[in-house]
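Beneath this line is the structure, given in structure tokens, with notes to follow.
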Amino acid sequence: MRLINTNIRETLEVKEFWGSEIPRYAILSHTWEEEEVSFQQFTQLPREDLPKLKGFAKIEQTCHLARTSGIEWAWVDTCCIDKSSSAELTEAINSMFHWYQDRRPVNEGLSFAQRVEKYAHCRWFTRGWTLQELIAPRRLGFYDRSWKFQGEKDALSGELAEITRINKRILDRADLLSTVSVAQRMSWAANRQTTRAEDMAYCLLGIFGVQIPMLYGEGGKAFIRLQEEIIKESNDLSLFAWRTHTTSQKHWGVLALSPKDFADCADIELWDEAMYNDEFVVTSKGLRVTPVAGGGLRPGRDATYVLNLQCHRRGSDKDLGIFLRQHGCDVYTRVWPDLFSESPGYNPELAEIKGRTFYISKMVSPVLSVVLGSSHRGSINLSRAIAALRNAEFRIKKEGSVEPAGHWDMQRSLFLTQGMRDFVCRLSFSQGLDRRGSPLSMECTLRDGKVSVNFTIEASLGKLVSGRVLQKQDARGNVVDWLRASVFQESVSGQPMYFVTVDVLL
């Protein structure tokens with residue numbers, strides 16, 4: 001850590017300190033303006049030339065305030081970081097929250113926030129970097145643009161909480177940050193700005209206790225990397241509780257594009273400790289979610305699924321969830337990103353849950369969104385067959401009823417073939433309302449663009465009877481046709497789909 005000697009009128013000493021050697025210091029929080037003093041200028045320009053730079057006045061004033069408080073050293077980001085060194089810049093950005101927060105007894109310096117008036121539209125409250133600079137320090141003195149003292153953070157915390165929507169207890173104790181939902185912490189940055197797009201992610205590293213390399217030039221990808229790093233450190237599903245009203249595409253990834261997408265998340269709280277949530281990890285296939293026992297995707301409206309985010313709005317008893325649509329073998333994307341599913345605590349006995357491990361696309365481009373609109377191409381739709389069999393008192397078995405299970409979209413009652421020309425699927429039923437009758441299996445085989453259907457049923461004597469037409473004995477002992485399967489190809493949203501129908505003849 002590089003510090004300035006606060007006896008700035010006598011010396012322009014800049015000295016590096018490491019670890020436990022770091023002395024007590026003051027630190028400045030400010031917004032950048034014209035003619036800020038760089039490290040090279042501070043160390044190389046003649047002493048008489050520095051006051052000609054507008055930014056030197058704030059350095060002088062910081063040193064003066066520190067020295068009158070008995071503090072020998074100060075840190076100002078403009079001149080204490082050699083920004084020509086990418087390694088040093090990365091280290092500084094990853095360490096900055098701790099530099100503002102450091103509470104070691106030998107290091108309890110003052111923090112000064114310059115040009116902060118007591119109104120919400122002050123520029124200091126709109127910048128990305130000043131968010132951590134507000135939260136991290138234990139002591140923070142506020143000064144107006146004339147360097148007139150306005151008060152300490154603890155005395156102004158009520159007003160600061162109202163302006164920033166940050167809970168007062170967090171302003172008082174930064175060590176409680178981890179108790180706040182990820183979505184709520186993101187909301188604090190929703191209306192803030194940075195000069196460079198990447199800094200909108202980098203300025204939040206300390207808020208989430210993570211570190212990532214600085215890659216200036218990557219633009220919005222930095223915010224994606226930030227979310228990926230948060231996923232490595234936290235099991236908080238509220239990270240996915242963002243919303244956007246952009247209607248440019250139908251299918252979306254599970255990660256947000258910007259902190260702005262969390263603008264209305266200031267009241268989102270977790271039901272319980274996040275460590276008990278579903279396990280999720282970023283893979284090359286997308287976000288892999290492994291549900292906890294009894295958990296998983298539950299049915300949503302209009303042929304969607306709902307992922308419960310294990311969080312709620314303050315004062316509400318309703319679970320928040322996001323809507324997903326299936327596109328292939330255990331692969332989903334988010335739909336309706338402007339909406340949350342809000343429902344009371346879910347009872348798994350009331351509806352079927354997909355408890356398998358599944359994947360949600362991490363990001364979906366506008367082009368990919370269009371492609372995904374045809375993901376049902378060549379699917380085998382069994383909705384009509386299931387309806388007919390239900391009238392004959394057949395019900396889909398609860399366990400082991402679907403093969404391959406990952407391709408089965410129970411909301412649309414179809415197997416997603418993912419464009420494969422050769423595909424075999426099977427659906428098993430139990431007969432009777434009590435599901436104790438002879439089990440029935442319906443197998444569909446796709447070969448070279450044609451689908452065939454074969455029934456298999458276990459007769460009362462244990463003999464397996466198979467065929468496209470299933471027969472049984474009537475009341476007179478005659479063998480008659482009972483179930484007959486047919487296949488039709490129809491166009492759905494411009495894409496061909498195979499529909500299997502079943503005629504119940506008795």
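What you see is a predicted model, and the numbers here were worked out from it, not measured in a lab. Any value given below was found using the heavy atoms of this structure, including those in side chains, with hydrogens, waters and symmetry copies removed. Position 1 is the first residue of the sequence, and the numbers go up from there.
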To check you understand the geometry: which heavy-atom pair defines the closest contact between [X] and [Y], and what is its length?
| X | Y | value |
| --- | --- | --- |
| Ser379 | Leu416 | OG-CD2, 3.5 Å |
| Ser383 | Arg412 | CB-O, 4.3 Å |
| Arg192 | Thr164 | NH2-CG2, 4.0 Å |
| Leu257 | Trp252 | CD1-CZ3, 4.2 Å |
| Ser374 | Val371 | OG-O, 2.8 Å |
| Ala263 | Ala190 | CA-CB, 3.6 Å |

So for atom [atom1], which belongs to [X], do other residues, nucleotides or ligands contribute more than 12 heavy atoms lying within a distance under 6.0 Å?
| X | atom1 | answer |
| --- | --- | --- |
| Glu162 | CD | no |
| Lys83 | NZ | yes |
| Tyr216 | OH | yes |
| Lys285 | NZ | yes |

Give a yes or no on whether the backbone of [Y] and the side-chain of [X] come within a donor-acceptor separation of less than 3.5 Å.
| X | Y | answer |
| --- | --- | --- |
| Ser238 | Val182 | yes |
| His327 | Val331 | no |
| Lys58 | His30 | no |
| Glu133 | Tyr100 | no |
| Arg334 | Ile322 | no |
| Thr333 | His251 | no |
| Gln227 | Ala256 | yes |
| Ser95 | Ala92 | no |
| Asp278 | Val292 | yes |
| Ser29 | Thr130 | no |

Looking just at side-chain N and O atoms, do [X] and [Y] make a donor-acceptor pair shorter than 3.5 Å?
| X | Y | answer |
| --- | --- | --- |
| Asp236 | Gln310 | no |
| Arg169 | Thr179 | yes |
| Glu36 | Thr78 | no |
| Thr304 | Asp302 | no |
| Thr31 | Arg123 | yes |

Evaluate the side-chain proximity of [Y] to [X]: yes if any heavy-atom separation is below 4.5 Å, no if none is.
| X | Y | answer |
| --- | --- | --- |
| Phe499 | Val492 | yes |
| Ser181 | Glu269 | no |
| Leu237 | Cys311 | no |
| Gln61 | Tyr143 | no |
| Asp77 | Trp99 | no |
| Ser341 | Arg298 | yes |
| Phe423 | Ile380 | yes |
| Gln326 | Leu297 | no |

Go through the steps for Val281 and Glu279 under the test side chain to side chain contact (heavy atoms under 4.5 Å, CB included), then give the verdict.
CA-CA 7 Å; Val281 62; Glu279 179 189 16; 5.6 Å; no
Option among His376, Arg377, Glu490 that satisfies the side-chain hydrogen bond (donor to acceptor under 3.5 Å, both in side chains) test with Gln495
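Running side-chain hydrogen bond (donor to acceptor under 3.5 Å, both in side chains) over His376, Arg377, Glu490 with Gln495 returns exactly one hit, Arg377.
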Holding to salt bridge (charged side-chain N to carboxylate O under 4.0 Å, His left out), I want the full list of residues that pass it with [X], two or more places apart in sequence or in another chain.
| X | answer |
| --- | --- |
| Asp330 | Arg356 |
| Arg2 | Glu16, Glu88 |
| Arg313 | Asp264, Asp267 |

Going by an N to O cut-off under 4.0 Å, is there a salt bridge joining Glu229 and Lys232?
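Judged by the 4.0 Å cut-off on N to carboxylate O distance, Glu229 and Lys232 do form a salt bridge.
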Between Lys318 and Glu342, does any side-chain N to carboxylate O distance fall below 4.0 Å?
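Here Lys318 does not pair with Glu342 in a salt bridge, since their nearest N and O are not under 4.0 Å apart.
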Could you grab the distance from atom [atom1] of [X] to atom [atom2] of [Y], nearest 0.5 Å is fine?
| X | Y | atom1 | atom2 | answer |
| --- | --- | --- | --- | --- |
| Ile163 | Thr126 | CD1 | OG1 | 12.0 Å |
| Trp124 | Trp129 | CH2 | CH2 | 14.5 Å |
| Ser157 | Asn167 | OG | CG | 10.0 Å |
| Cys265 | Arg243 | SG | CZ | 7.5 Å |
| Ile212 | Asn94 | CD1 | CG | 7.5 Å |
| Asp319 | His312 | CG | NE2 | 9.0 Å |

Name the orientation class of the two ring planes belonging to Phe240 and Phe280 (parallel below 30°, tilted from 30 to 60°, perpendicular beyond 60°).
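Geometry flag for Phe280 against Phe240: perpendicular rings.
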Aromatic ring pairing Tyr332/Tyr305, orientation class (parallel under 30°, perpendicular over 60°, tilted between)
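Tyr332 and Tyr305: perpendicular rings.
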Met186 and Leu204: CA distance, side-chain angles, deciding distance, side chain to side chain contact (heavy atoms under 4.5 Å, CB included) verdict:
CA-CA 8 Å; Met186 284 288 189; Leu204 297 176; 4.2 Å; yes
Going through the distances and angles, do Phe97 and Leu177 end up as a side chain to side chain contact (heavy atoms under 4.5 Å, CB included)?
CA-CA 12 Å; Phe97 186 89; Leu177 269 172; 3.7 Å; yes
Using the rule given for side chain to side chain contact (heavy atoms under 4.5 Å, CB included), can you reason through Ile170 versus Gln184, listing the C-alpha separation, both sets of side-chain angles and the distance that settles it, and then say yes or no?
CA-CA 12 Å; Ile170 302 301; Gln184 188 175 150; over 6 Å; no
Lys/Arg cation over aromatic Phe208: Arg185, 6.0 Å, 45° cone
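Because its charged atom misses either the 6.0 Å distance or the 45° angle limit, Arg185 does not stack over Phe208.
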